[in-house]
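Here the structure is laid out as C-alpha cells; the discussion comes afterwards.
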Amino acid sequence: MPTSLNFITNGKAFFDETGRISLFAARFFREVVKPPLEWRELLKQCYVVGYQSLLLVGVTGFIIGLVFDIQTRPTMIDFGAEGYMPAMVSIAIVREIGPIITALICAGKIGSSIGAELGSMKVTEQIDAMEVSGTNPFKFLVVTRILAVTLMLPLLVIMADTVGLFGAFLVENLKGDVTFSLYFNKVFNNIVFGDLIPSTLKSFFFGFAIGLIGCYKGYNAEKGTAGVGAAANVAVVIASLLLFVLDLIAVLVTDIFYDL
Amino acid sequence: MAKEIRNTVRLGIFVTAGVLLFTIAVYYVGNEQNLFGAKFHLSTVVNNANGLRVGNNVRYAGIVVGSVDDIVFVNDSTLRIEMLLEERVRDFIRKDAVASIGTDGLVGNVIVNISPGTGNQPRAKEGEIIASYSRLDPNAMLETLGSTNDNIAVLSEKLLEISKNLNEGQGTLPLLIRDADMAVDVAQTLKNLRQATESLTRTSKELQQAMGEISKGKGTLGYLIHDETLPHQLENLATRLDSLLIEETRPVIENLQKSSRDLAASSAQLKAATQALEDGDGLATTILKDTAAANNLRDILGNLEEGTARFSEDMEALKHNFLFKRYFKKLEKEKKKKD
C-alpha cells in the first residue's frame with residue numbers, strides 16, 4: 001500500500017489506491033446502515049470536528065470576507081459598480097469561497113488529525129486490540145469520524161459564510177457607509193437557492209471526502225511512527241486535491257440543474 | 001461525565017446555531033423569490049425577453065414586488081412572461097398597467113418594470129395579461145450614443161469654425177456684434193417690430209370684437225351670415241331679375257336680329273354691286289381696271305381744274321372791270337342784307 005504521494009504520478013499505483021479507497025468507502029456505507037451506531041463516539045467526534053473547529057473556521061471566514069472586500073472594492077469602484085459589492089461578495093462567499101476555504105482548513109486540521117490519530121492507533125496495534133476485544137474498530141473509529149465530518153462541515157461552512165459576510169459588511173460599513181439593513185437586503189436580494197442549496201450539498205461531499213481520506217490513511221498506516229506522519233501528511237494532500245475535483249464536479253452538476 | 005455533558009451542550013448550541021442560520025438564509029432567499037406569503041399571477045407578452053430569466057425581479061413603481069415565474073413561447077416571435085407578485089400590491093396594479101423589460105442599472109440584472117396605470121381602470125385580476133412595451137436594449141443605446149457622438153464631433157468642429165470666424169470678424173454676426181450703427185438699427189427695428197406687434201394685437205382684438213358682434217348677428221355682415229330669410233329673398237330677387245331681364249331684352253334682341261337681317265341684305269347688295277363693278281364694262285369698271293383710261297380721266301380732271309382756275313381768274317378780272325363792277329357790288333349788298 002502506498003504511503004507516499006507517488007501514486008499520483010504512477011498510473012498503476014493511482015488506480016490501485018483509487019480502488020482501495022473505493023472499497024474503504026463501500027465498507028463505510030455497509031457499516032453505517034448496520035445498527036447499532038456508536039452514538040456517544042459520534043457525538044464526541046462531532047464536538048471535536050465541529051465545535052473545536054469553529055474558532056479557526058470563524059476567524060478564517062471573517063478574514064477572508066474582510067480581505068476579499070478590501071481587495072475587490074477598488075476595482076468595483078473603478079467600474080462605478082460600488083453598489084454591487086454586497087451582491088458580488090455574497091455570491092462569491094456563498095457559492096465558492098466559504099465552502100472551499102472551510103473544507104481546506106478542515107482537511108488540514110481534521111484530516112491530518114484523524115490520519116495521525118488512527119495511524120498511531122494502527123501502528124501501536126490498538127485497532128488490533130479492539131478487534132480482539134470484540135469491538136468493531138471500523139464502526140467505532142471510522143464510521144463515527146466520517147459521519148461527524150460529513151455532518152459538521154456544512155454547519156461550519158454556514159458559520160464561515162455568515163462570519164465572512166459580516167467581515168465584508170465591516171469593510172463596506174467603514175469605507176462605504178453602507179448600513180446593516182441595506183447590506184443584508186442586497187445580499188439576500190442577490191442570493192438565490194441556486195447559490196445556497198448546491199453549496200450546502202457539496203459541503204456534505206467535502207466533509208465525507210475529508211473524513212474518508214483521513215480515516216483511510218490512518219486506518220491503513222504502516223511502518224511505525226514515520227508511517228503515522230506520512231499518513232497524516234498524505235491524508236491532507238489527497239483530501240485537498242479531492243476537494244477541488246469534487247468542487248469541479250459540483251459546479252458542473254449545479255450548472256446543469258440551476259443554469260448558472 | 002460532566003465534561004462530556006458540557007461538550008454535548010456546546011455541540012448542541014453549535015448545531016442549533018448552524019441550522020438556525022441556514023434556516024434564516026433559506027427564509028430570506030425564499031422570501032425574495034416570493035415562496036412565502038400570499039401571491040398572485042400576472043402575465044405580459046413581449047417579442048424579446050432581453051436575457052430575462054426565471055427568478056428575476058419584478059418591480060412595481062420601482063419597488064421589488066415579485067419575481068418572474070415562467071417564460072413561455074407563445075409562437076415563433078412572441079413570449080409570455082408569467083410573474084408572481086405579492087398580494088399586497090394587487091390593489092394598486094390596474095388593468096392598464098404596462099410592463100417593460102429593463103436592467104437594474106447599466107450592467108445589472110434584467111428585471112421587469114411594471115408602470116402604474118391611470119387609476120381609472122379596475123384592478124388586475126389573477127392571471128391577467130397586461131400590456132408591455134419594448135425598451136431600448138443597451139446595444140441599441142450604445143449605437144445611438146455612437147451616432148450622437150459623431151454628430152457632436154461634427155457640431156463642435158463647425159462651432160470651432162464659427163468661433164474662429166467670429167474672432168477674425170468674418171461674416172454678418174461679427175458685424176452685428178462690433179458695428180455700433182448696426183446695433184442702433186437693430187434696436188430701432190426691434191422697436192418698430194414691437195410697435196407693429198402692439199398694433200397687430202390691437203387689430204386682433206378689434207377683429208375679435210368684430211367677429212364677436214358678427215357671431216351675435218350684429219351689423220350687415222352679421223345680418224348676411226345669420227339672417228335665415230336672406231337666402232330666400234336672394235332667391236326671389238334672382239328669379240325676378242331673371243324674368244325682368246328676359247322681358248326687357250326681348251325687343252332689343254328682336255331689333256338686333258332685324259338689324260342683322262338688314263345688314264345681311266345690304267351686304268348681299270354690296271356684294272352684287274361689287275360683282276357688277278367687277279364683271280361690268282361701265283365707266284367705273286373702266287376706271288378701275290383700265291390704267292390708260294384712268295390716266296386720261298386724270299388728265300381731263302387736271303385740265304378741268306386748270307380751266308376752272310383760269311375761269312376764276314377771269315371772273316376776278318371781271319369783278320374789277322368797270323362794266324361789271326357795279327353788278328358785283330350789288331350782289332354783295334344783297335348777301336349782307338340777307339345775313
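Everything numeric in this text was worked out from a predicted model, so none of it was measured. Below, chains carry the letters A, B, ... as their sequence lines are ordered, and counting in each starts from 1.
Residue contact with chain B, scored on non-hydrogen atoms closer than 4.5 Å, involves the side chain of A/L54 exclusively. For B/V54, no part lies near chain A; criterion is any non-hydrogen pair under 4.5 Å. Using a 4.5 Å cut-off between heavy atoms, A/D161 does not touch chain B at all. With a threshold of 4.5 angstrom between heavy atoms, A/L151 does not approach chain B through any atom at all.
The aromatic rings of B/Y28 and A/F188 lie parallel to each other, their planes meeting at an angle below 30°, with 60° marking the opposite boundary.
Between B/N57 and A/N189, some side-chain heavy-atom pair lies under the 4.5 Å cut-off. The closest side-chain heavy-atom distance from B/V15 to A/M152 is below 4.5 Å.
Pairing each heavy atom of B/G18 with each of A/M159, the nearest pair is N-CE, 3.3 Å. Shortest non-hydrogen contact noted between B/V29 and A/F193 is CG1-N, 3.5 Å. Nearest approach of B/R10 to A/Y47, heavy atoms of both residues: NH1-OH, 3.0 Å.
A side-chain contact (heavy atoms from CB on, under 4.5 Å) with B/F22 is found for exactly one of A/T162, A/L196, A/L155, namely A/L196.
The 12-atom threshold is not exceeded at CZ of A/F205, counting heavy atoms of other residues, nucleotides or ligands nearer than 6.0 Å. The number of heavy-atom neighbours closer than 6.0 Å to NZ of A/K44, taken from other residues, nucleotides and ligands shown, is 12 or below.
Taking B/I13, B/V19, B/V26 one by one and counting their heavy-atom pairs under 4.5 Å with chain A, the maximum is reached by B/V26.
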